[in-house]
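Input: a single structure, listed below in structure tokens.
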Amino acid sequence: MRINAQGHLEVGGIDVLDLVREFGTPLYVLDEEGFRANCRAFRDAFAKYGHSLVIYASKTLSCLAACIIVEEEGLGLDVVSGGELYTALRASFPPERIFFHGNNKTLDELVMAVESRVGRVVVDNFYEIELLENVCERLGRTQNILLRITPGVEAHTHEYIKTGQIDSKFGFTLANGDALKAVDTVCRTKNLRLMGLHCHIGSQIFEMDAYAHATEIMVDLLAEIKNRFGLELEELNMGGGFGIYYHSGDEPRQPEEWAKAVMSTLRSKTEANALRMPKVIVEPGRAIAGPAGITLYTLGSYKEIPGVRKYVAVDGGMTDNPRPALYGSKYEAVIANRADREPDELVSVAGRCCESGDMLIWDIKLSHPQPGDILAVFATGAYNYSMSSNYNRVGRPAMVLVRDGQADLIVKRESYEDLIRNDVIPERLARGDVVKIAAGKKL
Ligand SMILES: *Cc1c(COP(=O)(O)O)cnc(C)c1O
């Protein structure tokens, strides 16, 4: 990303105003080199310290092109629904590198996963052990699994707590003995092969000690499993959650630092417990897709309330980025057509939806924002498109992949027709007349 001679923002070697002219707004822009570099950074950092596999958490941003890029970079993929699995399979993602997560996988989803031979099902609860065993029995298949453990470490951004917490909807609780009971239950099945353990301690984490602590707890559990069941598990999946830069104050760590924290703790803990070093799996999502994405909007209406604030509104909002409304997430942005100018005016950026909470950014300095300006919001590659909605019957934006001065459409903009695609008029409401709608001239 840079500012070109015209003072415009440029990404992937393209002036964003050219992107706007060709594809319109709102527009998701994914920087291919950035996305790939993030994949490689995690892959190489962990590989340096031992046997490892980095899997991209596709819930962050799932589409065919993203799956193909992840595959090309040699990563695995984690999916949490039939839809994400379908997307991966349609992108020809090798099923043996797919991990299937979720706290309530349906019968149909488990059948789909087993039939398509996904590498691992990460089993979340006792009901699922029974359901999956039953599916495997009926399909005449065995399935490699991990057990999701709730290790009692919970991390958020700058702090983490060791709670021994048992109040989570995810996984087998360590503190009350459920984790060991789950291992015992799986050992008694005929068709499930326990390959290892999984945990995921949170999201947007900057605190390295949180991972080191969780790693220690998980290795203790591996040791206990070996003692009790004579079973030395080969895989340890430490989840995702690696934090990224959204706004000032965020101080993300490098993949190298995460790898070192996890792997050095793992090495010393396994040695102390006379265990073999397991294969380590990590599942970054946000840290791969987040920084590689920006969203472009056109500014429209504005409203100044003297002595209070000035609102400027964009042609998108909570429909394409629900995170500010959902979590109070903060973003940074610039006026892309005056990216070289000092941001001198304090405004708040409103979305277009009929919801007071639809505010994209409170209190941000922008360079004299005017209707028709292009606003570029940074670090929107993760949990934006994937969490988008059609609230107010607003169509989802298009997504383009940019690289070396080339832009390719990877997700089409939803048309009005797309919005009614699944609507059905029952016979008794049918009208018979064909309605002609003004095509919408380009003025
Ligand atoms: C969401 C999630 C991830 C990815 O989290 P990020 O914060 O995007 O890195 C990884 N593993 C599991 C189990 C998750 O639920």
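Counting convention: from 1, in listed order, for ligands and their atoms alike.
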Are Gly241 and ligand 1 in contact, using a heavy-atom cut-off of under 4.0 Å?
-> yes
Scan side-chain atoms only and decide if Arg141 and Asn191 contain a donor-acceptor pair under the 3.5 Å cut-off.
-> no
For ligand 1, indicate whether the residue His200 contacts it via side chain, backbone, both or neither (heavy-atom separation under 4.0 Å).
-> side chain
Ligand 1 to His101, heavy atom cutoff 4.0 Å, flagged ligand atoms 13 (C)
Measure the acute angle between the ring planes of Tyr211 and Phe242, then classify it against the limits of 30° and 60° as parallel, tilted or perpendicular.
-> parallel
Between Tyr49 and Glu256, is any side-chain donor less than 3.5 angstrom from a side-chain acceptor?
-> yes
Taking atom 8 (O) of ligand 1 as the reference point, the nearest protein heavy atom with its distance = Tyr383 OH, 2.6 Å
Can you tell me which residue and heavy atom of the protein come closest to atom 7 (O) of ligand 1, and the distance to 0.1 Å?
-> Ser203 OG, 2.4 Å
With heavy atoms of Arg148 as the reference, note each atom of ligand 1 found under 4.0 Å away.
-> 13 (C)
Which ligand 1 atoms, with their elements, are less than 4.0 angstrom from a heavy-atom of His198?
-> 13 (C)
Check each atom of ligand 1 against the heavy atoms of Gly240 and keep those under 4.0 Å away; list them by number with element.
-> 9 (O), 10 (C), 11 (N)
Cut-off 3.5 Å, side chains only: do Thr265 and Thr215 have a donor facing an acceptor?
-> no
Does the pair Arg393/Asp423 count as a salt bridge with the N-to-O cut at 4.0 Å?
-> yes
Of the side chain and backbone of Val80, name the one, both, or neither that has a heavy atom under 4.0 Å from an atom of ligand 1.
-> neither
Identify which of Glu283, Lys59, Met238 has a heavy atom lying nearest to atom 2 (C) of ligand 1.
-> Lys59
Between Asn337 and Asp373, a side-chain donor and acceptor under 3.5 Å = yes
Donor-acceptor pair between Tyr331 and Arg323 side chains, under 3.5 angstrom = yes
Output the list of atoms in ligand 1 that are nearer than 4.0 Å to some heavy atom of Gly285, sorted by atom number.
-> 6 (P), 8 (O), 9 (O)
Under the salt bridge (charged side-chain N to carboxylate O under 4.0 Å, His left out) rule, what do Arg403 and Asp408 come out as? Steps first, then yes or no, please.
-> CA-CA 9 Å; Arg403 179 186 186 167; Asp408 296 293; over 6 Å; no
